[in-house]
Protein chains: 2
Amino acid sequence: MTATATRPLTVTDAIETRHSIRKFVQQPMNADDLREILRLASLAPSAWNAQTWRFAVVQNPEVKEQLQAAAYGQPQIGSAPAVIVVYSDMEDTLDTVEDTAHPGMGEEGRAGQRKTFNGAFGGQDVAQRGQWGLSQANIAFGFLMLAARGLGYDTVPMLGFQPDKVRELLKLPEHVQFAGLLPIGKRAEDGFPHHRHDVERVTTFY
Amino acid sequence: MTATATRPLTVTDAIETRHSIRKFVQQPMNADDLREILRLASLAPSAWNAQTWRFAVVQNPEVKEQLQAAAYGQPQIGSAPAVIVVYSDMEDTLDTVEDTAHPGMGEEGRAGQRKTFNGAFGGQDVAQRGQWGLSQANIAFGFLMLAARGLGYDTVPMLGFQPDKVRELLKLPEHVQFAGLLPIGKRAEDGFPHHRHDVERVTTFY
């Protein structure tokens, strides 16, 4: 299974062949593939269909350079044709919560959605509910990596960066919380083999 | 694409056909498939390969009944042949951190891994670093749902339950944090069609 795979990978093959890749082929991302990968990630589930995740896609070389600086200069950002910044915006989610009610539920559903979210988060402060939003975004972060691999792309999830600098660079509001940065492209190196606990080590059966 | 699909689904098909399913065919989980799904979820990435996720698989009818009670009686738990409780145990992660160093890095790698984790989390309290662990576990939670769907199974992620009661029932330490409950089985109903924001609504290009 290589970067040149032309048919979509099975979930099993995508997971097995996903490794963190830090050196990428020097060619721009195909725009249609990029949009499709983001669309698939958006199909992740979230409680009450909140869809707290937001994506900032950095391809402009100058912005990418500044993003790299905000990530302690780590070269995988410079090497990748695009970097997807995955974050959650719980305040935007709350502001537009009616949009996430299923249309089949009609006007009543929209009102119910508002009531549900007000009840759950009205008494929480921005940081607290932001943390909840981030949990949802992290599930989509997982979907995003597999959607990319399924279409023959490679990624490397990164948590090593200065959040305040990234917020400033991308002009994001202070309350957003980052799932991570995800350089994406076609692999120009092999990744390390997986090293994981045995299933039995991390699972208990009841 | 139905529950009777016998060949593994592509990532695209798995994501497209994954819907929250609350009524399951009444038959036990195939033990090999269950283990394979957990193995694939374990291949999720995590910062420094921390692998903070842990799985509690509930199949015993009496335990499942008590789990359902801890989740406000929601019937999808009773309907599913198995429920995978996904949680993160950051304290266990820290206690055994040397095991997660890649073997290729040798004794030096193991010592380095200990130093990295002590530096990052030694100054944090249990709740704070537990939150970090949960973020990693949520990525594996996303992998878990897609691994299941890829092999023809259906799931429904649940956040509506009483964490303290679940901890008590499963005899888990107080510090563990839950990503969610995941009833799993073969679908006996169709899910709702997806309703999501357009990609353009949740994405900004730079």
Taken to the nearest 0.5 Å, the spacing of A/R201 CZ from B/T96 OG1 works out to 4.5 Å
Using a cut-off of under 4.5 Å on heavy-atom pairs, state which of B/D99, B/I139, B/V83, B/L169 scores highest against chain A. B/I139
Which one wins on heavy-atom pair count under 4.5 Å against chain B: A/S20, A/G180, A/S135, A/A14? A/S135
Give a yes or no on whether B/E98 atom CD has more than 12 heavy-atom contacts from other residues, nucleotides or ligands under 6.0 Å away. yes
Chain A contact via B/L146 - side chain, backbone, both or neither, heavy atoms under 4.5 Å: both
Main-chain N/O of B/L43 paired with A/E16 side-chain donor or acceptor, under 3.5 Å: no
Please flag which part of B/M145 lies under 4.5 Å from any non-hydrogen atom of chain A: side chain, backbone, both or neither. side chain
Taken to the nearest 0.5 Å, the spacing of B/R35 CZ from A/T203 OG1 works out to 8.0 Å
Tell me if a side-chain donor or acceptor on B/H197 pairs with a main-chain N or O of A/T100 at a distance below 3.5 Å. no
Pair count under 4.5 Å, heavy atoms only, with chain B: among A/Q131, A/E62, A/K64, highest is A/Q131
Residues, nucleotides or ligands: over 12 heavy atoms within 6.0 Å of A/E168 CD: no
Examine whether an atom of A/A101 lies under 4.5 Å from a heavy atom of chain B, and if so say whether it belongs to the side chain, the backbone or both; otherwise answer neither. backbone
At a heavy-atom distance under 4.5 Å, which candidate from B/A147, B/A44, B/A41 has the highest pair count against chain A? B/A44
Contacting moiety of A/L134, where chain B heavy atoms sit under 4.5 Å: side chain
Which atoms of B/L159 approach chain A - backbone, side chain, both or neither, heavy atom under 4.5 Å: side chain
For A/P45, is there any backbone N or O sitting under 3.5 Å from a side-chain donor or acceptor partner on B/H194? no
Flag if over 12 foreign heavy atoms under 6.0 Å of CG, B/D95: yes
Heavy-atom pairs under 4.5 Å with chain A - which of B/N49, B/L34, B/D89 has more of them than the others? B/N49
Which one wins on heavy-atom pair count under 4.5 Å against chain B: A/V63, A/D198, A/L38, A/I37? A/L38
Shorter than 4.5 Å, heavy atoms on both sides: which option in A/A47, A/A140, A/P103 has the most such pairs with chain B? A/P103
Chain B: which of A/V85, A/T12, A/T10, A/L144 shares the most heavy-atom pairs with it under 4.5 Å? A/T10
Tell me, side chain or backbone of B/V58 under 4.5 Å from chain A's heavy atoms, or both, or neither? both
Among A/F205, A/F192, A/F141, which residue forms the greatest number of heavy-atom pairs with chain B at distances under 4.5 Å? A/F205
Heavy-atom proximity to chain A below 4.5 Å, by part of B/A82: neither
Taking every heavy-atom pair that is under 4.5 Å apart, which of B/L67, B/D92, B/T204 has the most such pairs with chain A? B/T204
Heavy-atom contact with chain B under 4.5 Å, split by part of A/W48: neither
With rounding to the nearest 0.5 Å, note down the distance linking OH in A/Y206 to NZ in B/K171. 8.0 Å
Can you list the residues that meet the side-chain hydrogen bond (donor to acceptor under 3.5 Å, both in side chains) rule with A/Q136, with sequence neighbours excluded? none
Select, from B/P157, B/S42, B/G150, B/G160, the one with the greatest count of heavy-atom pairs under 4.5 Å involving chain A. B/S42
Heavy-atom closest contact (A/Q51 atom, B/R196 atom, distance): OE1-CA, 3.3 Å
Given heavy-atom pairs under 4.5 angstrom as the criterion, report whether the side chain, backbone, both or neither of B/A56 touches chain A. both
Measure B/N60 against the heavy atoms of chain A and call it side chain, backbone, both or neither at under 4.5 Å. both
With chain A, which of B/R18, B/E200, B/R39, B/Q59 has the greatest number of heavy-atom pairs at distances under 4.5 Å? B/R18
Pairwise side-chain hydrogen bond (donor to acceptor under 3.5 Å, both in side chains) hits with a residue in residues 116-129 of chain A, at least two apart: A/E91-A/R129
